[in-house]
Amino acid sequence: MPINLDSTLHERVTAATALLVNQVDVHDVDPSPPVVTKVDPDGTAHVRYGFKGPARKLIVCTGTGRAAVEVQFTVHQQMPLREPANR
C-alpha cells in the first residue's frame, strides 16, 4: 500500500529505510536490515527481506516465527511562498 502524498505540496519520496520489528522466534534474517530496492512515484516501497522461524519437530511446524516490516519514508515537499502585497 502506498503512502499518501499531497500533490498540492508537490510531495515526493526521496528515500526509504526498512526494519523488521516485533520479531518473535526469528533467526537467519537475510538481508539484515531489510533492503528497500525501489520506491515508486506514488510512494510504494519495494522491500527485500527474509527470515526463518523455529525448525520443525516431528514433521510438525508450529508456525510461531513472525515479524512485521516497518518502512520509514523521507518526503520532500515544496511549500509555496506568498510575497506580501506591495503597498
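Computed from a predicted structure; not experimentally measured.
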Tell me the closest heavy-atom pair linking [X] and [Y], and the distance in Å.
X	Y	value
A18	P33	O-CB, 3.9 Å
V71	A45	CG1-CB, 4.1 Å
P34	V47	CB-CG1, 3.8 Å
F73	A16	CD2-CB, 4.0 Å
T37	R48	CG2-CB, 4.0 Å

Atom [atom1] of [X] and atom [atom2] of [Y]: how far apart are they, to the nearest 0.5 Å?
X	Y	atom1	atom2	answer
R12	Q77	CZ	CD	11.5 Å
Y49	D30	OH	CG	13.5 Å
D40	H46	CG	NE2	3.5 Å
H27	K52	NE2	NZ	7.0 Å
Q72	T17	CD	OG1	4.5 Å

Might you work through the side-chain contact (heavy atoms from CB on, under 4.5 Å) test for V75 and I3, ending with a clear yes or no?
-> CA-CA 10 Å; V75 176; I3 62 169; 4.1 Å; yes
Residues V69, L20; criterion side-chain contact (heavy atoms from CB on, under 4.5 Å); working and verdict = CA-CA 5 Å; V69 177; L20 284 182; 3.7 Å; yes
Just one of V39, T74, V36 clears the side-chain contact (heavy atoms from CB on, under 4.5 Å) bar with V13, so which one?
-> V39
